[in-house]
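Working notes, beginning with the structure itself.
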Amino acid sequence: MHQRIEVIDSLRGFAILGILLLNISGFALPYAAYMNLFYNDSVSSSDVVTWLILNTFTQGKFLFILTLLFGASLELLQQRGRDWNIPRLLILAVIGLLHGILLWDGDILLSYGIVGLLAWHFINNRQKLFGTAATLYLFGVMMFYLLGLFPVGDNNSFWQPTPEDLFHESYWKTHGGLLAIEHRIRQISGIMIVVVVQYGWQIVGVMLCGAMLLRNGWLKGEFSRKHYRRLALCLIPVGMVIQCIALLIQYLYPYSYFASWTVRYTITELATPLLALAYISLIYGFWPTISRWKIAFWLRQVGRMALSSYLLQTLICTTLFYRFELFDRFTRLELMAFVPFIWALNIWFACWWLNRYSQGPMEKLWRSLTTKLSGKV
């Protein structure tokens with residue numbers, strides 16, 4: 001069991017570090033950059049290549065793995081009962097709300113806390129989860145496409161912002177204060193609407209998938225190494241074919257909101273589970289070798305304090321790009337140079353802290369508040 005926990009911790013650390021590859025743009029570039037590669041007129045060839053690589057290999061994949069493992073943790077903690085799990089999720093939602101309002105509106109913790117309540121209900125009351133997981137995930141993807149059918153012009157501010165829009169966004173992000181809090185509250189309110197209507201269903205589906213894969217032993221490493229390697233070999237080609245179709249749509253209709261965002265992203269969301277599960281399969285398939293590498297230990301330390309590591313990334317990035325006013329000063333390729341530096345800080349802090357304490361600082365706070373709220377010792 002000890003080794004199985006180690007591989008899950010390493011996988012969680014892998015996901016936490018991996019999501020920074022996409023989140024760095026969310027911190028350092030305007031909102032429109034996440035949706036639209038050509039949101040301004042100064043897109044270089046390096047931007048296109050960087051976007052192409054990130055979209056193919058990272059977009060949604062690491063977040064899928066993190067969400068999958070969150071669902072697995074719900075299954076693992078099921079035995080603690082309702083009085084422990086409900087307060088635990090509500091506290092996470094509060095942490096996420098504060099994180100989103102005070103620091104960065106790209107927060108995922110609030111969504112995890114709220115959607116996790118529904119996921120925990122399914123996990124606690126159903127023995128077979130695969131059908132429900134697949135149905136909810138596909139329903140969320142379908143809702144995204146249907147919402148994209150509503151007429152939205154290609155010149156709207158969140159797709160093709162004006163120079164005034166970009167200046168205003170840069171101003172409130174770098175100056176902070178009540179104006180920034182007001183904007184972040186608006187963004188989080190909008191995100192919560194999307195979570196209820198569309199994205200939350202996908203999150204629930206992935207969480208249930210994680211619970212199912214822990215329940216049947218797949219995430220515990222109980223299948224043969226050959227099984228994991230063969231599964232990766234099957235998933236990667238299929239996932240890449242679907243991903244290439246999405247990229248073809250982007251190539252054919254680069255400036256169209258409906259084609260380049262709605263259609264392309266819908267197709268990408270079909271490829272994401274396949275490639276994310278392929279990444280997991282490769283790690284499990286070669287774990288006896290990987291576990292001997294130093295990087296496996298580093299990933300495990302980051303994974304053991306995933307919440308603290310995730311919030312540390314926010315503190316570093318908001319300091320760099322907002323307090324030091326480096327927002328919208330770098331291309332997508334140049335931003336990649338910051339990633340190893342932030343990874344190194346993540347790893348150093350996790351190793352330093354866990355060499356002295358048994359839990360990460362935010363993990364200890366989370367557990368302590370859950371214990372008090374649930375009335376359990």
Side-chain angles (χ1 to χ4, degrees), residues 13 15-37 39-40 42-44 46-47 50-51 53-55 57-63 66 95-112 157-159 161 165-177 179-188 190-191 194 199 302 306-350 362:
I16 285 290
L17 296 183
I19 59 173
L20 181 64
L21 291 167
L22 261 295
N23 281 354
I24 192 80
S25 296
F27 286 111
L29 295 177
Y31 291 126
Y34 179 79
M35 300 173 60
N36 184 9
L37 172 60
Y39 73 97
N40 61 27
S42 58
V43 178
S44 64
S46 67
D47 271 330
T50 304
W51 179 91
I53 294 172
L54 292 177
N55 190 269
F57 298 104
T58 69
Q59 173 77 48
K61 283 72 173 179
F62 293 105
L63 187 57
L66 196 62
I95 293 173
L97 182 62
L98 294 175
H99 174 232
I101 291 176
L102 299 178
L103 293 173
W104 184 50
D105 46 33
D107 170 79
I108 192 64
L109 304 176
L110 176 59
S111 301
Y112 276 16
S157 60
F158 58 87
W159 177 254
D165 294 327
L166 296 175
F167 174 80
H168 181 65
E169 182 179 346
S170 177
Y171 178 84
W172 70 258
K173 284 186 174 180
T174 55
H175 285 72
L179 179 62
I181 290 176
E182 178 186 344
H183 276 275
R184 285 195 288 265
I185 290 174
R186 289 180 189 171
Q187 290 295 325
I188 290 175
I191 290 172
V194 173
Y199 189 54
V302 172
L307 177 59
S308 299
S309 298
Y310 174 75
L311 294 176
L312 178 61
Q313 289 180 2
T314 295
L315 290 175
I316 294 171
C317 290
T318 52
T319 300
L320 283 173
F321 300 114
Y322 301 163
R323 301 289 76 81
F324 293 163
E325 299 188 5
L326 297 179
F327 179 77
D328 203 16
R329 299 287 184 88
F330 301 95
T331 66
R332 295 178 195 268
L333 179 60
E334 290 168 344
L335 287 175
M336 291 300 103
F338 288 90
V339 172
F341 162 73
I342 300 171
W343 281 351
L345 285 177
N346 259 151
I347 293 169
W348 172 81
F349 180 70
M362 290 305 300

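Looking at heavy atoms from C-beta onward, N346 lies in side-chain contact with L312 at the 4.5 angstrom threshold. You'll find the side chain of I95 stays beyond 4.5 Å of the side chain of L110, heavy atoms only. Contact of the I342 side chain with the L17 side chain is not registered, since no non-hydrogen atoms from C-beta on lie closer than 4.5 Å. Proximity of F327 to Y322: side-chain heavy atoms (C-beta onward) are separated by under 4.5 Å at one or more points. In this structure, the side chains of I53 and F57 come closer than 4.5 Å at one or more pairs of heavy atoms. Using a 4.5 Å heavy-atom threshold, the side chains of D165 and P30 count as separate. The side-chain heavy atoms of M336 and F330, taken from C-beta on, include no pair separated by under 4.5 Å.
Note that CG of D107 and CD1 of I191 are 8.0 Å apart. Values are rounded to the nearest 0.5 Å. L103 CG to L311 CG: the interatomic distance, rounded to the nearest 0.5 Å, is 8.0 Å. Atom CG of residue L63 and atom CD1 of residue I108 lie 5.0 Å apart, to the nearest 0.5 angstrom. Rounded to the nearest 0.5 angstrom, I24 CD1 and I19 CD1 are separated by 11.5 Å. For the atom pair CE (M362) and CG (L307), the distance works out to 5.0 Å, reported to the nearest 0.5 Å.
Take L22 and apply the side chain to side chain contact (heavy atoms under 4.5 Å, CB included) test, not counting sequence neighbours, and it matches L54, T58, Q59. In this structure, the ring-ring contact (aromatic ring centres under 6.0 Å, His included) partners of Y310, at least two apart in sequence or on a different chain, are H99. Y171 pairs by the ring-ring contact (aromatic ring centres under 6.0 Å, His included) definition with H175, not counting sequence neighbours. Listed by chain and residue number, T174 satisfy the side chain to side chain contact (heavy atoms under 4.5 Å, CB included) test with E325 (two or more places apart in sequence, or in another chain). In this structure, the side-chain hydrogen bond (donor to acceptor under 3.5 Å, both in side chains) partners of R186, at least two apart in sequence or on a different chain, are E182. For K61, there are no salt bridge (charged side-chain N to carboxylate O under 4.0 Å, His left out) partners, not counting sequence neighbours. L320 is linked by a side chain to side chain contact (heavy atoms under 4.5 Å, CB included) to I316, F324, F338, F341, counting only residues two or more places apart in sequence or in another chain. Partners of Q187 under the side-chain hydrogen bond (donor to acceptor under 3.5 Å, both in side chains) rule, at least two apart in sequence or in another chain, do not exist in this structure. Shown here are the side-chain hydrogen bond (donor to acceptor under 3.5 Å, both in side chains) partners of S46, two or more places apart in sequence or in another chain: S44. Under the rule for a side-chain hydrogen bond (donor to acceptor under 3.5 Å, both in side chains), Y199 has no partner lying at least two apart in sequence or in another chain. For W104, the ring-ring contact (aromatic ring centres under 6.0 Å, His included) criterion is met by F27, not counting sequence neighbours.
In terms of heavy atoms, Y112 sits closest to L66 at OH-C, 3.8 Å. Taking all atoms of both residues into account, the shortest heavy-atom contact from G96 to L109 is CA-CB, 3.6 Å. Here the closest heavy-atom approach between residue W159 and residue M35 is recorded as CZ3-O, 3.4 Å. Nearest heavy atoms, C317 versus L20: SG-CD1, 4.1 Å.
In this structure, the side chain of T331 does not engage the main chain of D47 through any donor-acceptor pair within 3.5 Å. Checked by atom type and distance alone, the side chain of R332 pairs as donor or acceptor with a backbone atom of A33 at under 3.5 Å. Looking at R323, its side chain never comes within 3.5 Å of a backbone N or O of T318 through a donor-acceptor pair. Here the side chain of T319 pairs a donor or acceptor atom with the backbone of L315 at under 3.5 angstrom. Not a single donor-acceptor pair under 3.5 Å links the side chain of D328 to the backbone N or O of L29. In this structure, the side chain of E169 does not engage the main chain of L166 through any donor-acceptor pair within 3.5 Å.
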*Hey, mind stepping through H168 and K173 against side chain to side chain contact (heavy atoms under 4.5 Å, CB included) and telling me if it holds?*
CA-CA 9 Å; H168 181 65; K173 284 186 174 180; over 6 Å; no
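Within the structure, every pair that satisfies the side chain to side chain donor-acceptor pair (under 3.5 Å) test and touches residues 21-32, not counting sequence neighbours, is listed here: Y31-D105.
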